[in-house]
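Since we're looking at a predicted model, the values are computed, not measured. Throughout, protein chains are lettered first and strands after them, A, B, ... in sequence-line order, and every chain is numbered starting at 1.
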2 protein chains.
Amino acid sequence: MSLTREKILELGEELILKRGYNAFSYQDISSELGIKNAAVHYYFPAKENLGTSIIKNNILRFEEMLDNMNTREFDEWGQLEAFFKFYLKSNREDKICILGSLGSEFQSLSESTKRELQKMTGMIIEWLSSILDKGRNKGLFKYIGDAKSRALLILSCLVAGLQLARLMDKSDFKAIHLQLLDDLKP
Amino acid sequence: MSLTREKILELGEELILKRGYNAFSYQDISSELGIKNAAVHYYFPAKENLGTSIIKNNILRFEEMLDNMNTREFDEWGQLEAFFKFYLKSNREDKICILGSLGSEFQSLSESTKRELQKMTGMIIEWLSSILDKGRNKGLFKYIGDAKSRALLILSCLVAGLQLARLMDKSDFKAIHLQLLDDLKP
DNA sequence: TTGCTTACTTACTTACAAGTAAGTATCTTT
DNA sequence: AAAGATACTTACTTGTAAGTAAGTAAGCAA
């Protein structure tokens, strides 16, 4: 794997999370990395290829996180906290979540980028639903309604929590985070 | 007040809510309205003026909604439902909320647009906190924690609920909406 | 009736974003 | 040693976004 390619992916992701997909250009990437515009096109012929690859990368990292939690035998609280930790880090770094960033510009994305984003969102919701379901069955969590609705609600809180906290006050995310935890406690 | 100016504001808002601030141009507006590019610049010299004016307009409409609810003496449930109704309508129209749309591209906005967005968000959170507080004191609502944290959590659910529902399935927003209501019932 | 304001249009500039075609240096394989 | 393949650069094209300067037609006001 090429180091330059990885740097482009990393910086592209950072730009999406900080400024938004339509607010950055290949020039932003090439000048920051000290390469030429065409070098970015060499790895990602069109911007939609870069966008789609960044999501695929996120899917891979999500799957790695799940594998890691499985091998280390995290219980449902542990898994939820690991997931939350990811958002707490984003909050510290003034980044939002990729679902919220690309979701807000959804209609302006290419079909392949849209599909990849839907795939990733679907995976997260499914995983979150399953651990909420298992955790409640074990008596670890308490909540009203079905697991999928609760997963949608919690994920929404995290996604827009980052957006609102970046806009208003970083500490607002901590408040949301604590409320989410308290609400789930039996 | 000019009709053209109002049409530009309306269409500009729709474009922000459907595609995103950085994904539309003055050309999109002028061609749709059958006017020239420069006519849009006549009312809004720079794009940031348009962005800021759209938010100011939203603040006005929010204040009108509050006035209306006050004169009609809505109780706290009624006020909350009126607010939710706004989001349900956006969901039907495949629009997201202006807070989430501009919030996701926050770092790319001009200082005046940022300030206006912060003002609007602050007003909404303050209002939501106050009715959650009053409603709980009257025994209408039940929730854990302080009113402001609860307001942040509920607003986050609405904001990202629209984003996720547009991305995945429109009916997902209904699920989130019902959960929010159930969670507040005493 | 002259002049001022409003609401635009015409015609342009500047800049930048996206993308491409062709060339080149280096390493790698046959 | 010749022929790819890899990883770029040089130099360009095309399109579009943002913005502006100057002009104009219509209405209204003194």
Side-chain angles (χ1 to χ4, degrees), chain A residues 1-55 57 101-102 104-114 116, chain B residues 1-55 57 101-102 104-114 116:
Chain A
M1 258 277 221
S2 160
L3 187 68
T4 302
R5 193 187 127 96
E6 278 175 48
K7 280 184 184 168
I8 295 169
L9 280 169
E10 195 187 332
L11 182 54
E13 180 170 330
E14 190 182 330
L15 288 165
I16 289 175
L17 304 186
K18 289 210 167 167
R19 287 202 262 154
Y21 180 77
N22 289 299
F24 83 91
S25 71
Y26 272 25
Q27 263 72 15
D28 293 325
I29 291 178
S30 57
S31 66
E32 172 78 25
L33 296 184
I35 56 178
K36 297 294 156 179
N37 198 334
V40 187
H41 282 285
Y42 171 72
Y43 290 105
F44 305 100
K47 202 180 175 186
E48 65 165 285
N49 303 122
L50 176 57
T52 308
S53 297
I54 287 170
I55 305 172
N57 228 14
S101 180
L102 295 176
S104 293
E105 307 184 82
F106 192 67
Q107 309 273 36
S108 77
L109 303 176
S110 76
E111 288 309 312
S112 71
T113 309
K114 280 183 189 168
E116 209 60 32
Chain B
M1 259 278 217
S2 160
L3 187 67
T4 302
R5 193 187 126 96
E6 278 176 46
K7 279 183 185 170
I8 294 170
L9 280 170
E10 195 186 333
L11 182 53
E13 180 170 332
E14 190 182 332
L15 287 165
I16 290 174
L17 304 185
K18 289 209 166 170
R19 288 202 260 154
Y21 180 77
N22 289 298
F24 83 90
S25 70
Y26 272 25
Q27 263 72 15
D28 293 325
I29 291 178
S30 57
S31 65
E32 172 78 24
L33 296 184
I35 56 178
K36 297 294 157 182
N37 198 333
V40 187
H41 281 284
Y42 170 72
Y43 290 105
F44 306 98
K47 202 180 175 186
E48 64 164 287
N49 303 122
L50 176 57
T52 307
S53 297
I54 288 170
I55 306 173
N57 227 15
S101 180
L102 296 176
S104 293
E105 306 184 82
F106 192 66
Q107 309 274 38
S108 78
L109 303 175
S110 76
E111 289 308 311
S112 71
T113 309
K114 280 183 189 168
E116 209 59 34

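Proximity of residues 9-33 of chain A to DNA chain C (heavy atom under 4.0 angstrom from any strand atom) is restricted to A/S25, A/Y26, A/Q27.
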Could you write out each protein N or O paired with an N or O of nucleotides 20-29 of chain D at a distance under 3.5 Å?
none

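Sorted by first then second residue, the side-chain hydrogen bond (donor to acceptor under 3.5 Å, both in side chains) pairs that include residues 44-55 of chain A, not counting sequence neighbours, are A/E48-A/S110, A/E48-A/S112, A/T52-A/S112, A/T52-A/T113.
When the side-chain nitrogen and oxygen atoms of A/Y42 are compared with OP1 and OP2 of C/dG19, none of them lie within a distance under 4.0 Å. Side-chain nitrogen and oxygen atoms of B/T4 include at least one within less than 4.0 Å of the OP1 or OP2 phosphate oxygen of C/dC8.
Although no hydrogens or angles enter the test, the distance criterion places no donor-acceptor pair under 3.5 Å between the side chain of B/E105 and the main chain of B/G20. In terms of modelled atom types and a separation under 3.5 Å, the side chain of A/Y26 and the main chain of A/A46 share a donor-acceptor contact.
Whole-Å rounding puts the A/F44 CZ to D/dC8 C1' distance at 14 Å. Computed from coordinates, the A/I8 CD1 to C/dA18 C1' distance equals 15 Å when rounded to whole Å. Rounded to whole Å, atom P of C/dA17 lies 9 Å from atom NZ of A/K47. The NZ atom of B/K36 sits 9 Å away from the C1' atom of C/dT10 (whole-angstrom rounding).
Nearest heavy-atom pair, A/L9 versus A/N57, reported as atom, atom and distance to 0.1 Å: CD1-ND2, 3.9 Å.
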Worksheet item: Going through the distances and angles, do A/Y43 and A/T4 end up as a side-chain hydrogen bond (donor to acceptor under 3.5 Å, both in side chains)?
Response: CA-CA 9 Å; A/Y43 290 105; A/T4 302; 4.6 Å; no
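Taking 4.0 Å as the cut-off between side-chain N and carboxylate O, A/K114 and A/E111 count as a salt-bridged pair.
Between B/D28 and B/R19, some side-chain heavy-atom pair lies under the 4.5 Å cut-off. With contacts defined as side-chain heavy-atom distances shorter than 4.5 Å, the pair B/I29/B/N37 does not qualify.
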